[in-house]
Amino acid sequence: MTQEDPRILELRKMRAKALEGGGAERIEKQKAKGKLTARERIELLLDWNTFNEIEPYITHQGDEMGLLKEKYLGDGVITGYGQIKGRTVYLYSQDFTIYGGTLSEMQSHKICRVMDLAVRNGAPFIALIDSGGARIQEGVRSMGGYAEIFRRNAQYSGVVPQISVMLGPCAGGAAYSPALTDLVIMVQKQSFMFLTGPEVIKAVTGEVIDAESLGGSDVHMSVSGVAHLSVPTERDALEMVRTFLSYLPSNNVENPPFVKTDDDPTRMDEWLNHAVPLDPSEPYIMHQVIERIVDKGTFLEIQPDWARNAIVGLARIGGHSVGIVGQEPAIMAGVIDIDAADKMTRFVRMCDCFNIPLVTFVDSPGFLPGIAQEHGGIIRHGAKLLYAYSEATVPKICIITRKAYGGAYVVMSSKYLGTDVTYAWPSAEIAVLGAEGAANILFKKQIENAPNPSEERKKLAEEYRAKFNNPYYAASTGYVDDIIEPRESRRKIVAALSALRDKYAPAPPRKHGNIPV
Ligand code: HXC
């Protein structure tokens with residue numbers, strides 16, 4: 001038997017060393033917290049045996065604060081490429097066992113390298129983040145490293161999908177980079193995101209709070225709107241990445257993948273004809289309407305717990321990816337407030353970036369009135385939604401199921417914002433105001449002077465309702481393209497998507513727009 005070449009043996013030794021991360025003791029600590037290692041995460045995320053690591057031998061180059069004593073191959077991050085459902089993705093996975101996965105100058109070089117490769121090759125980019133933020137010992141070099149990453153997050157936004165999976169206590173820059181990406185997934189009770197942790201907050205403001213209450217998944221899913229999805233375990237989070245990517249193209253010049261469905265595209269659904277109650281003040285559940293129209297089981301709601309009066313999510317109709325936007329009339333009557341406007345805006349823009357047609361379901365009495373909303377800048381936030389729908393060039397289909405009053409009519413993918421096909425259900429009410437409100441304003445004197453003002457108001461409201469609170473006036477003026485039976489919605493959307501598949505809508509040349517953020 002020939003002896004192994006010592007150079008091959010040396011390489012094998014180095015490879016084995018790189019697999020050790022921060023050492024057995026720290027790996028044990030990681031496991032004791034119920035966490036997977038950085039390498040295990042990659043294995044679970046990717047198709048079997050497709051991962052190829054790059055730059056595993058990079059180490060930090062610092063000599064500050066005793067750094068030279070502890071050098072680890074890879075410097076706390078594993079980078080490379082592999083496949084998800086047969087499509088190439090680039091990724092990095094931070095190793096908390098090496099300096100808490102913190103970002104050094106060299107770690108930044110590694111991350112930027114895979115980001116550049118992802119964009120050059122038109123492939124999605126996935127960040128598995130488990131990091132204490134900037135590596136304190138490296139000072140400005142680690143902060144500069146973050147700036148390099150943020151710049152790429154921004155410049156590559158809308159070029160390839162960028163996904164962040166939060167898998168540990170993510171502080172400072174480790175929270176900012178995800179905020180620039182298309183999707184942030186958190187693991188319940190395991191991941192935290194904050195710019196400054198509980199200790200710093202206590203020192204600066206005197207406020208006392210624990211990490212979970214400050215930046216746990218519940219907070220970011222339901223209060224701040226920073227996270228898009230949260231799941232119970234790391235495995236679920238990694239599976240979620242695979243699912244999410246199945247709706248998206250690999251880059252902005254491709255179309256989303258077609259996924260064959262057994263769900264008949266021409267399926268009619270009688271249930272929908274009874275979905276909207278006869279009493280216009282009675283709520284119904286728009287989520288159910290959506291679930292029944294899209295291909296069965298394909299609706300992936302994004303940000304389900306934040307601004308619940310608005311609904312956004314990905315789905316497939318007839319096997320094609322669509323972005324669903326709508327109101328939930330069962331929550332605050334589907335009114336549009338600041339958070340709802342922000343949520344819908346961001347989603348509309350993501351779909352437009354990645355050639356995902358938009359299907360909008362409208363049932364909203366308008367923008368939420370109130371001092372807090374006005375002073376909070378509802379004009380500015382609502383304007384973002386107008387901006388997003390107006391600039392979106394993907395196929396846009398709108399279905400007005402019930403109320404489309406005033407501002408809500410206009411901002412929610414209305415025909416002259418450039419919507420390609422606008423349908424109304426017979427239950428649609430398209431008007432500047434609700435009937436009572438309109439009667440109060442238009443006939444103020446007449447109502448005040450009437451012998452029975454309340455009867456008079458009711459009568460005038462009825463007259464207004466008969467004229468405007470139905471889809472026929474809008475249809476007679478061309479503001480809706482057709483009035484359809486609710487049960488026909490699926491096949492009407494399928495037909496519209498097919499007719500709009502080759503839509504060409506170039507925007508006027510410009511450097512970039514100036515969205516009112
Ligand atoms: C260097 C760090 C570190 C850091 C943690 N470690 N954070 N090393 N720089 N920022 C090291 C620890 O020394 C320890 O090393 C190992 O990582 C694990 O940390 P522990 O504290 O033992 O773990 P845990 O109890 O789980 O707490 C994790 C933590 C905490 C919540 C992340 O360590 C922490 O609060 N770190 C500081 C966070 C921070 O303020 N970062 C700077 C943000 S500012 P050993 O050797 O024991 O394994 C920033 C600037 C960019 O990021 C700004 C962009 C806008």
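In listed order, ligands and their atoms are each counted from 1. Numbering starts at 1 and runs along the sequence shown.
Of the protein's heavy atoms, none falls inside 4.0 Å of atom 12 (C) of ligand 1. Protein heavy atoms are absent from the space less than 4.0 angstrom from atom 33 (O) of ligand 1. Shown here, atom 20 (P) of ligand 1 is out of close reach of the protein: none of its heavy atoms lies under 4.0 Å off. Within the 4.0 Å cut-off (strictly below), no protein heavy atom is located near atom 30 (C) of ligand 1. For atom 27 (O) of ligand 1, no protein heavy-atom neighbour is found at a distance under 4.0 Å. For atom 55 (C) of ligand 1, the nearest protein heavy atom lies closer than 4.0 Å. Distance check for atom 47 (O) of ligand 1: every protein heavy atom is found at 4.0 Å or beyond. Protein heavy atoms come within 4.0 Å of atom 41 (N) of ligand 1.
Within the listing of ligand 1, atoms 54 (C), 55 (C) sit less than 4.0 angstrom from a heavy atom of Phe150. Proximity to Lys33 (heavy-atom distance under 4.0 Å) selects the following atoms of ligand 1: 26 (O).
Salt bridge present: Asp130 and Arg41 bring a charged side-chain N and a carboxylate O closer than 4.0 Å. Glu4 and Arg12 are joined by a salt bridge, as a carboxylate oxygen and a charged side-chain nitrogen come within less than 4.0 angstrom of each other. By the 4.0 Å N-to-carboxylate-O rule, Glu148 lies close enough to Arg152 to be salt-bridged with it. The residues Glu10 and Arg7 are annotated as not salt-bridged, no charged nitrogen and carboxylate oxygen being separated by less than 4.0 angstrom. Ion pairing of Glu40 with Arg235 is absent here, as no side-chain N (NZ or NE/NH1/NH2) approaches a carboxylate O to less than 4.0 Å.
For atom 22 (O) of ligand 1, the nearest non-hydrogen atom from the set Lys29, Glu199, Arg26 comes from Lys29. Of the candidates Gly22, Gly173, Gly132, Gly173 brings a heavy atom nearest to atom 53 (C) of ligand 1. Considering Phe192, Tyr146, Phe96, Tyr176 only, the shortest heavy-atom separation from atom 18 (C) of ligand 1 involves Phe96.
Ligand 1 has no nitrogen or oxygen under 3.5 angstrom from a nitrogen or oxygen of Gly133. Considering both main-chain and side-chain atoms, Met143 never comes within under 3.5 Å of ligand 1 through any nitrogen or oxygen pair. An N or O contact shorter than 3.5 Å is missing between Arg135 and ligand 1 by distance. Residue Ala174 places no N or O, backbone or side chain, under 3.5 Å from any N or O of ligand 1.
Of the heavy atoms in Gln137, only side-chain atoms (C-beta onward) come closer than 4.0 Å to ligand 1.
With respect to atom 10 (N) of ligand 1, the closest heavy atom belonging to the protein is Ala134 O, 3.0 Å. What sits closest to atom 14 (C) of ligand 1 on the protein, heavy atoms only, is Gly100 N, 4.9 Å. Of the protein's non-hydrogen atoms, Gly172 CA, 4.0 Å is the one closest to atom 44 (S) of ligand 1. When hydrogens are left out, the protein atom nearest atom 5 (C) of ligand 1 is Thr102 CG2, 4.3 Å; that is the closest non-hydrogen contact. Protein heavy atom closest to atom 6 (N) of ligand 1, with residue, atom name and distance, is Tyr99 O, 4.1 Å. For atom 9 (N) of ligand 1, the closest non-hydrogen atom of the protein is Ile136 N, 3.0 Å.
When all heavy atoms are compared, the tightest approach of Asn309 to Val335 is ND2-O, 2.8 Å.
Under 3.5 Å, the side chains of Ser413 and Thr419 contain a donor-acceptor pair of N or O atoms. Between Thr233 and Asp236, the side chains place a donor N or O and an acceptor N or O closer than 3.5 Å (distance only, hydrogens not considered).
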Worksheet item: Given Tyr387 and Asn514, is the side chain to side chain donor-acceptor pair (under 3.5 Å) satisfied, shown in steps?
Response: CA-CA 9 Å; Tyr387 191 108; Asn514 188 11; over 6 Å; no

Item to complete: Report the C-alpha separation of Tyr90 and Thr79 in whole Å, then their side-chain angles, then the decisive distance to 0.1 Å, and conclude whether the side chain to side chain donor-acceptor pair (under 3.5 Å) test is met.
Response: CA-CA 8 Å; Tyr90 287 78; Thr79 55; over 6 Å; no

Item to complete: Using the side chain to side chain donor-acceptor pair (under 3.5 Å) rule, take Glu301 and His287 through it: C-alpha gap first, then chi angles, then the decisive distance, then the call.
Response: CA-CA 9 Å; Glu301 189 171 5; His287 280 83; 2.9 Å; yes

Item to complete: Give the C-alpha distance, both sets of side-chain angles, the deciding distance and a yes or no for salt bridge (Lys or Arg N to Asp or Glu O under 4.0 Å) between Arg113 and Glu55.
Response: CA-CA 9 Å; Arg113 169 124 174 91; Glu55 302 184 330; 3.6 Å; yes

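Remark: the backbone N or O of Tyr389 is paired with a side-chain donor or acceptor of Lys396 at under 3.5 angstrom. Between the Arg380 side chain and the Val517 main chain, a donor and an acceptor come within less than 3.5 Å of each other.
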